[in-house]
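Read the numbers this way: they start at 1 and go in the same order the structure lists the ligands and their atoms. We use all heavy atoms of the structure for the numbers below, so side chains are in, but hydrogens, waters and symmetry mates are not.
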Amino acid sequence: MKKIRTTISLIKADIGSIGGHVKPSQKVIERVKEYIEGSNLIVDSRIFHTGDDIGLLLSHFQGKDNAKIHKLAWDAFMAGTEVAKEQGLYGAGQDLLTDSFSGNVKGAGPGVAEIEFDERPNEAFCIFMADKTDPGAYNLPLYLSFVDPMHNSGLILAPSMNKGFKFVVIDVEHKGKDRIIELNTPEDLYDLAVLLRDLERFAVEEIFSRNTGEQSVNVSTTRLHNIAGKYVGKDDPVMIVRVQGDFPATGEVLSPFSIAPYVAGFMRGSPVGPLMPVKLNSSISYFDGPPIVSAAGLCVQKGHLTEMVDLFDHPFWDSIRNKAAKKAVAIREQGFFGAAMLGMNELEYGGITERLGKLEKKFKLRD
Ligand code: F6R
Ligand code: MG
Ligand code: MG
């Protein structure tokens, strides 16, 4: 008998928020929840938010990229958008970029991470959701937790990871067909590092165990500005990571987040700011930021989800949040100068490039 494979889909969208790009209203979240829970397509679900984005965690047997599941998520976001409009929320329906939904939320605005797998007898996984940043924000944490024994002690202690991992990296600037490359660690480590250092161009999309071929990671890697052709907000990526056994342990996946690395995002998507690990359902504050990431741990059995454990809700992370706040203030002191702001191609809103265009004409060559 063919074993039924479980699929975990994590789909997120910003469909409007209270008081600016801060957090969705409870009414909107309730409406989305009610819509999802009324469906018999899925086995289980958890609905939450990180900053102004609502995350739908869906477990089901319909497989990856399934049109019915994607339509369910789309329709739930549409239903929530109606409430957001009624309440006059800011940016209502912001991430729903198409009028005619074609069966896959990828390329239509919402971010999606999905993994389809045969459940292990004890299937533990984590989900991550970031706000005010883009998919490259996960590059450094993933690199460190899958290739560096300083964070992943299992690479030297556990034989189950001794063959390393296969990384699938995507060129997020490329329009049209996905442009991807596969690299194997440890032998391609330096090549991987060369790509992943460029957070705005290359993002880790998938990671597979080379011991078993099983998938651990999927990151939502769509870039909203490639879809819309203009600035419509940062991508605020979500990620699923299957953990333990042949994969890194939960604590090894969390370990690099203690760096609070500088990433792209923050106010108007153009500066650089530290990625602050926050509790589930946190809102946005200082300078429309700082960029934040939340994480939850769960188990799944026959498609049924346990409750979510809030992985950054622990005293340890309070000091990291303080460190991130200090890093945020430190870089903000430099405002828009040099390293505090992204390169020309990445500046959102177009104001600076417009101004530069006008100045170009005024430049003269001195005799
Ligand atoms: C960044 C973000 C916010 C807005 C800012 C201005 O991803 O969402 O920082 O860019 O609040 O918003 P608008 O242009 O909607 O007035
Ligand atoms: Mg928003
Ligand atoms: Mg957002």
Side-chain angles (χ1 to χ4, degrees), residues 10-25 28-29 32 47-56 73 77 80-81 83-85 87-97 105 108-113 127-138 172 199-200 219-239 262-278 280-295 328 331-332 335-336 340-342 346-354:
L10 178 58
I11 306 181
K12 76 97 220 177
D14 175 351
I15 55 169
S17 45
I18 309 173
H21 297 273
V22 175
K23 65 171 277 189
S25 72
V28 168
I29 295 173
V32 171
I47 316 290
F48 56 99
H49 80 89
T50 297
D52 60 9
D53 297 288
I54 297 180
L56 317 178
F77 287 135
T81 298
V83 178
K85 283 182 180 160
Q87 291 191 296
L89 295 196
Y90 193 70
Q94 172 183 300
D95 283 356
L96 308 182
L97 298 177
V105 291
V112 51
I127 54 169
F128 292 82
M129 185 158 154
D131 191 26
K132 306 295 182 242
T133 186
D134 52 25
Y138 295 129
V172 290
L199 306 189
E200 301 314 296
V219 179
S220 65
T221 52
T222 42
R223 301 278 321 257
L224 285 171
H225 74 195
N226 287 352
I227 301 167
K230 61 174 173 31
Y231 182 71
V232 286
K234 271 276 179 263
D235 303 281
D236 307 339
V238 286
M239 163 164 87
Y262 283 117
V263 296
F266 230 150
M267 174 64 76
R268 296 180 191 274
S270 304
V272 168
L275 187 62
M276 179 187 271
V278 294
L280 289 168
N281 303 312
S282 290
S283 53
I284 286 299
S285 182
Y286 169 64
F287 202 59
D288 277 9
I292 55 171
V293 59
S294 65
I331 196 144
R332 284 306 314 139
F336 54 88
M341 212 164 192
L342 298 176
E346 289 300 324
L347 295 179
E348 313 282 10
Y349 284 88
I352 288 188
T353 28
E354 222 171 84

Side chain, backbone, both or neither: Y349 near ligand 1, heavy atoms under 4.0 Å: side chain
Proximal atoms of ligand 1 relative to F266 (non-hydrogen, under 4.0 Å): 1 (C)
Student check: side-chain heavy atoms of D95 and K12 closer than 4.5 Å: yes
For M267, atoms of ligand 1 separated by under 4.0 Å from a heavy atom: 9 (O)
Spacing of Y90 atom OH and I18 atom CD1 [to the nearest 0.5 Å]: 15.0 Å
Under 3.5 Å: N/O of D288 near N/O of ligand 1: yes
Under 2.8 Å from the Mg ion (ligand 3) - protein N/O/S, by chain and number: D52 OD1, D53 OD2, D131 OD1, D236 OD2
Contact check, side chains of I292 and T50, non-hydrogen atoms, under 4.5 Å: yes
Set of side chain to side chain contact (heavy atoms under 4.5 Å, CB included) partners for T81, sequence neighbours left out: I15, K85, L96
Approximate separation, where rounding is to 0.5 Å, of N281 CG and I29 CD1: 6.5 Å
Single hit among D288, D236, D52 for salt bridge (Lys or Arg N to Asp or Glu O under 4.0 Å) with K132: D52
With F287 via side chain to side chain contact (heavy atoms under 4.5 Å, CB included) - residues at least two apart: F266, M267, P271, R332
Under the ring pair (Phe, Tyr, Trp, His ring centres under 6.0 Å) test, residues paired with H49 that sit two or more places apart: none
